[in-house]
Amino acid sequence: MATSEGISTFQSLLYVADQPVENIADTFKGLVPEQKRFEAACKLMAMLEDGDLKANQRIVALYILYHLYNVVPIHENPFLLLFLNLYKALFSNLAFVKANYDLLVEFRVEALILADKGAQLANKTPTDIFFQFSNTENSLMDTEEVNIARFEYYIKNEFDVRPKGQLERQPETKKSRSWAEIGDKEVKEISYTSPQVPVMQHESHSLELDSVMEVDYNTLVADLDRDEVRSLMNRALQGALSIPEEEQLEKNDKLIYTCDFSPEKLPFLIENNSRVAIKVLLQLKSSPQIDQYLETLLTIDDPERSQQSSMEPVNRMRSSMEVVNNLLLSFPLTPEFLHSYLSNCVRACEECQNRNIQERQVRLICVFLQSLIRKNIIDVSRFFIEIQAFCLQFSRNREAASLFRFLLGYQKEAVSEEVAALSELLNSSDINGENGDHSGKCELS
């Protein structure tokens, strides 16, 4: 068997959530020598059967087992029986599966694998897969159709795996039928049922509701807890939560999937509970839908937003800045996004009719900009003209005047560094030139 050190090495891959599953599977191949891969894959199979893995880890493990043998059709994958039994366990309780996000995601992943379309998952991260497949608005019937009877017929004929007391063994001289030769008529006529393989536990059992409760691998949030999280999120969209309630949402690693969140809800969450909004956006950072949420974030300080929100514009701007600042510390935002965000903040100041609110907004923007500049988060040269114009427009404001002086000092320092660098370059060129002239004179003489 594989050593415990080797097992722990590839097991760590199951925790990766922000890389495409194909990359994770390729890393598995790189970590495990070719002669040991099947043994390691069997370990993954045992972990899947025992229910030792959390939901996202199961998705990674399933894809690794598929990817190891994706050069052959799915019916030739040595772990076909595992895929089929896991799928059947969920298929027999569709109503229960639909009510549980983790089971729903795994069911759809297994359906793709059995339909030999696992390659569609290759470029998706585990986070992307959960976000896409946990959508219950689509019918379960939209999931890839799997012909269970055809798989069982193939397994019976190819491997002769049958329950005791059922069907006499065919003569050894009879040739096995290929996958392509199996017709619908033969599938319908056969009453064969595959043996009960332990799906979630070592002991065989019928796939009743109790056994499916074991299918959730101790990682699903119980129905009561899930309803509580949804209730908390609905309240978070309407008003400020208490600190313990806020922390409860922040600790939920699948918050975005549990609450059926959408970009349209983001402004309300930012206004009322910005820390929870930050958690939601960080969970989405590897998702292709992050751009939609960032576009919504750009509009939160628009004057038009005041008509939809009861929050004071200054507090709304402060909350959005807190979110943007935290995002900048966690993953890079494009200069175009920052430019649009700052432009919207400035426009909100310019169009504000209340002098007191306008001054407070100006102070917020100035403090925010100085913080970004000091941390070298933004390139001042890209924003210098706009920031300078903003400072001059609101020069009566003390923070704006301070920011203007800061900019001039920053520009002076940058120019001094450029002059020093240019001077050093010129001096270096002069030295090389003198050496060149001297060698030239030697040649002439």
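All residue numbers refer to positions in the sequence shown, counting from 1. Hydrogens, waters and symmetry mates play no part in the numbers below; they use all other heavy atoms, side chains included.
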Q. Could you go step by step and tell me if Phe79 and Phe83 meet the ring-ring contact (aromatic ring centres under 6.0 Å, His included) rule?
A. CA-CA 6 Å; Phe79 298 99; Phe83 296 141; 7.1 Å; no
Q | Intermediate values then yes/no, side-chain contact (heavy atoms from CB on, under 4.5 Å), Arg382 and Ile378 | A | CA-CA 8 Å; Arg382 296 180 65 104; Ile378 64 172; over 6 Å; no
(Q) For a side-chain contact (heavy atoms from CB on, under 4.5 Å) check, start with the C-alpha distance between Leu68 and Asn77, then their side-chain angles and the critical distance, and finish with the verdict. (A) CA-CA 9 Å; Leu68 285 175; Asn77 189 302; over 6 Å; no
Q: Starting from the C-alpha separation in whole Å, work towards a yes-or-no answer on side-chain contact (heavy atoms from CB on, under 4.5 Å) for Leu297 and Leu327.
A: CA-CA 11 Å; Leu297 177 56; Leu327 292 181; 4.1 Å; yes
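A salt bridge is defined here as a Lys NZ or Arg NE, NH1 or NH2 lying under 4.0 Å from an Asp or Glu carboxylate O, and Glu350 with Arg347 fails to meet this definition. The pair Arg318-Glu312 fails the salt-bridge criterion, with no side-chain N (NZ, NE, NH1 or NH2) lying under 4.0 Å from an Asp/Glu carboxylate O. Salt-bridge formation is detected for the pair Arg235/Glu245: a Lys NZ or Arg NE/NH1/NH2 atom is positioned less than 4.0 Å from an Asp or Glu carboxylate oxygen. A salt bridge is absent between Lys251 and Glu247: the closest approach of a Lys/Arg side-chain nitrogen to an acidic carboxylate oxygen does not fall below 4.0 angstrom. In summary, Glu106 and Arg58 engage in a salt bridge, as defined by a charged side-chain N under 4.0 Å from a carboxylate O.
By the ring-ring contact (aromatic ring centres under 6.0 Å, His included) test, Phe337 is found to be paired with no residue, residues two or more places apart in sequence or in another chain being considered.
Panel note: side chain Ser319, backbone Asn315; a donor-acceptor pair is recorded below 3.5 Å. Checked by atom type and distance alone, the side chain of Asn272 pairs as donor or acceptor with a backbone atom of Phe268 at under 3.5 Å. The closest donor-acceptor contact from the side chain of Asn325 to the backbone of Ser371 lies at 3.5 Å or more, if one exists at all. Checked by atom type and distance alone, the side chain of Arg316 pairs as donor or acceptor with a backbone atom of Met311 at under 3.5 Å. In this structure, the side chain of Asp102 does not engage the main chain of Ala55 through any donor-acceptor pair within 3.5 Å.
Shown here is Tyr15, whose OH atom has no more than 12 heavy atoms of other residues, nucleotides or ligands within 6.0 Å. A 6.0 Å sphere centred on CD of Glu336 holds more than 12 heavy atoms belonging to other residues, nucleotides or ligands. Open room surrounds CD on Gln353; 12 or fewer heavy atoms of other groups in view lie less than 6.0 Å from it. In this structure, Leu329 places its CG atom where more than 12 heavy-atom neighbours from other residues, nucleotides or ligands lie under 6.0 Å away.
Ring geometry for Tyr66 versus Tyr63: interplanar angle of 30 to 60°, hence tilted. The aromatic rings of Tyr341 and Phe368 sit perpendicular to each other, their planes meeting at more than 60°, with 30° as the lower class boundary.
Between Lys124 and Pro20, the closest side-chain pair of non-hydrogen atoms is not below 4.5 Å.
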